[in-house]
Amino acid sequence: MIITQIGGGLGNQMFQYAAARALSLRLGDQDLVLDPGELAHDPLRHYELDAFALPIRFSGRLDQFRQRISFGNPRHPLRRAASLVLPRLQLTVLHDRQTGYDPTFEQVRRSAYLLGNWQSERYFSGIAEIIRKDFTFKDPPDSENQAMLRQIAGCTAVSLHVRRGDYANLPHITARHGLCGLDYYRTAIGKILVAAPEATFFIFSDDPQWTADNLRVDAPAVYVTHNVGKKNREDLRLMTACRHFVIANSTFSWWGAWLSRSPQKVVLAPRRWFAVEHGSEADLLPVDWERIG
């Protein structure tokens, strides 16, 4: 059995699932269990993987006990109890060290509980086609998004994502992640127009009004504003249909670019993913994506 803790927004949840899925298949297609207990303590987030038909089940009482133990804190009062119980369960607890790809992931040989974000395609690149299939939306788009998909298919569509939300409005999040500035987007737009002069930009944001007021594009542009609230997952569906990508320092647009099957796609990403030193960023992006800014 492979258990993975689920937390954060849709992009982070997708990374957590993908790494666990890869490990479950490597160990003989073990049962894959999601533990969404962390989301109960996050007023800004909710479980979003229900957008996809995934081969999973959810944690039961025993897994909830494991979930409530702070495995990363050796002084936690339940740590000793965990050290006695977990070996009997033959369960390896594996932390994402957030210092780039961790090769110890490859050394796991038995059931495991994964904690962290696992934000690198290296954890699941060997099963890329399976992950792409898993992340197929289970429900068809509504009429408005179906019309936009047809519009995207009829042009050289570029997905451009402006991430603000908590990055802009919560000081401790801003200090950690920072924001991609307008200069980044102007540079990226210029580079895209060199590669694809006929491009039409589809502009996605969790703050569409700010983006429309502040980001001007000297090319055909469509500001996507209709997928608000819990419908924001539909923006991901639209992103994946585009040919080229300007992503933010956001796992949401990371997945929009990665899931695209566009041949010879150009993906531009910010040179710095975090505002502060945060371990190695070398494994955050696929090798054929370009960092700028």
Side-chain angles (χ1 to χ4, degrees), residues 9-11 14 48-53 129 131-165 180 182 184-270 286 288-290 292:
L10 177 57
M14 291 169 74
E48 296 194 67
L49 294 177
D50 57 349
F52 316 110
E129 286 307 307
I131 296 300
R132 287 189 168 93
K133 181 179 179 181
D134 285 355
F135 288 149
T136 300
F137 284 83
K138 65 182 181 183
D139 296 323
D142 61 23
S143 58
E144 193 169 12
N145 284 301
Q146 185 62 61
M148 187 157 286
L149 285 169
R150 289 194 294 268
Q151 187 178 2
I152 288 171
C155 66
T156 303
V158 178
S159 167
L160 184 151
H161 181 225
V162 179
R163 169 68 184 269
R164 288 182 58 79
C180 293
L182 292 174
Y184 164 72
Y185 289 106
R186 294 187 188 106
T187 300
I189 290 167
K191 290 181 72 70
I192 290 289
L193 289 174
V194 170
E198 73 287 6
T200 296
F201 289 82
F202 288 79
I203 300 174
F204 303 89
S205 179
D206 54 1
D207 192 345
Q209 189 61 57
W210 183 96
T211 302
D213 290 343
N214 291 277
L215 182 62
R216 291 287 178 260
V217 180
D218 293 328
V222 177
Y223 291 82
V224 183
T225 61
H226 61 280
N227 290 321
V228 296
K230 290 187 177 181
K231 279 187 64 180
N232 71 337
R233 63 181 62 176
E234 291 296 328
D235 278 356
L236 181 65
R237 190 201 306 258
L238 297 176
M239 287 178 179
T240 65
C242 293
R243 298 192 195 183
H244 304 299
F245 299 85
V246 176
I247 71 171
N249 54 337
S250 164
T251 57
F252 188 82
S253 50
W254 190 103
W255 279 105
W258 191 87
L259 288 171
S260 167
R261 294 182 178 274
S262 172
Q264 299 179 327
K265 62 189 173 188
V266 174
V267 183
L268 303 180
D288 55 344
W289 294 9
E290 182 180 353
I292 64 171

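FYI, the numbering just counts along the sequence from 1. When reading the values below, keep in mind they use all heavy atoms of this one structure, side chains included, and skip hydrogens, waters and symmetry mates.
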What distance do R216 atom CZ and Y185 atom OH have between them, rounded to the nearest 0.5 Å?
15.5 Å
Any non-hydrogen side-chain atom of L149 less than 4.5 Å from a side-chain atom of P141?
yes
Paired with D206, the salt bridge (Lys or Arg N to Asp or Glu O under 4.0 Å) test is passed by just one of R164, R163, K231, namely R163
Please confirm whether the backbone N or O of G11 pairs with a side-chain atom of W255, one donor and one acceptor, at under 3.5 Å?
yes
Would you say that more than 12 heavy atoms from the other residues, nucleotides or ligands in this model lie under 6.0 Å from the NZ of K230, or not?
no
Should we count CD of E198 as having more than 12 external heavy atoms under 6.0 Å?
yes
Only residue of V158, V217, V222, V246 satisfying side chain to side chain contact (heavy atoms under 4.5 Å, CB included) with I203 is V217
Using atom types as modelled and distance alone, determine if a side-chain donor or acceptor of K265 lies under 3.5 Å from a backbone N or O of F245.
no
Does W289 reach the side chain of W258, with side-chain heavy atoms less than 4.5 Å apart?
yes
Measure the spacing between CD of Q146 and CD of E234 and express it to the nearest 0.5 Å.
10.0 Å
Which heavy atom of A212 sits nearest to which heavy atom of Y223, and what is that distance?
CA-CE2, 3.8 Å
Hey, are the side chains of C180 and N249 touching, using non-hydrogen atoms and a 4.5 Å cut-off?
yes
Exercise: do D213 and Q209 side chains pair donor with acceptor under 3.5 Å:
yes
Return the minimal non-hydrogen interatomic distance between T225 and V228, and the atom names on each side.
O-CG1, 3.5 Å
Is E290 paired with K191 through a side-chain N to carboxylate O contact shorter than 4.0 Å?
yes
Please give me the minimum heavy-atom distance between S253 and M239, naming the atom from each residue.
CA-SD, 4.0 Å
Tightest non-hydrogen contact, residues S205 and T211, listed as OG-OG1, 3.0 Å
Determine whether D134 and M14 satisfy the following criterion, side chain to side chain contact (heavy atoms under 4.5 Å, CB included), listing intermediate values before the conclusion.
CA-CA 10 Å; D134 285 355; M14 291 169 74; over 6 Å; no
Indicate yes or no: at least one non-hydrogen side-chain atom of R237 is less than 4.5 angstrom from one of N145.
no
Please check this pair: side chain of N214 against backbone of W210, looking for a donor-acceptor N/O pair closer than 3.5 Å.
yes
What's the separation between atom CG in L160 and atom CG in L215, rounded to the nearest 0.5 Å?
6.0 Å
Between S260 and C242, is there a donor-acceptor pair closer than 3.5 Å when you use the side chain of the first and the backbone of the second?
yes
Minimal heavy-atom distance between F52 and T136, with the atoms involved, is CD2-O, 3.6 Å
Using a 3.5 Å distance criterion without hydrogens, assess whether the side chain of N232 forms a donor-acceptor pair with backbone atoms of N227.
no
How long is the gap from CD1 on I189 to OH on Y184, to the nearest 0.5 Å?
10.0 Å
Distance from L238 atom CG to I152 atom CD1, nearest 0.5 Å?
4.5 Å
Is it the case that atom CG in D218 sees more than 12 heavy atoms from other parts of the structure closer than 6.0 Å?
no
Quick one: do the D235 and H161 side chains pair a donor with an acceptor below 3.5 Å?
no
A side-chain contact here means heavy atoms from C-beta on lying under 4.5 Å apart; do L268 and I192 qualify?
yes
Please check this pair: side chain of T200 against backbone of A221, looking for a donor-acceptor N/O pair closer than 3.5 Å.
no
Just by modelled atom types, is the R243 backbone N or O under 3.5 Å from a matching donor or acceptor in the S262 side chain?
yes
Rounded to the nearest 0.5 Å, how far does CD1 of I292 lie from OG1 of T187?
5.5 Å
Would the distance check show the side chain of R233 and the main-chain N or O of F137 forming a donor-acceptor pair, the cut-off being under 3.5 Å?
no
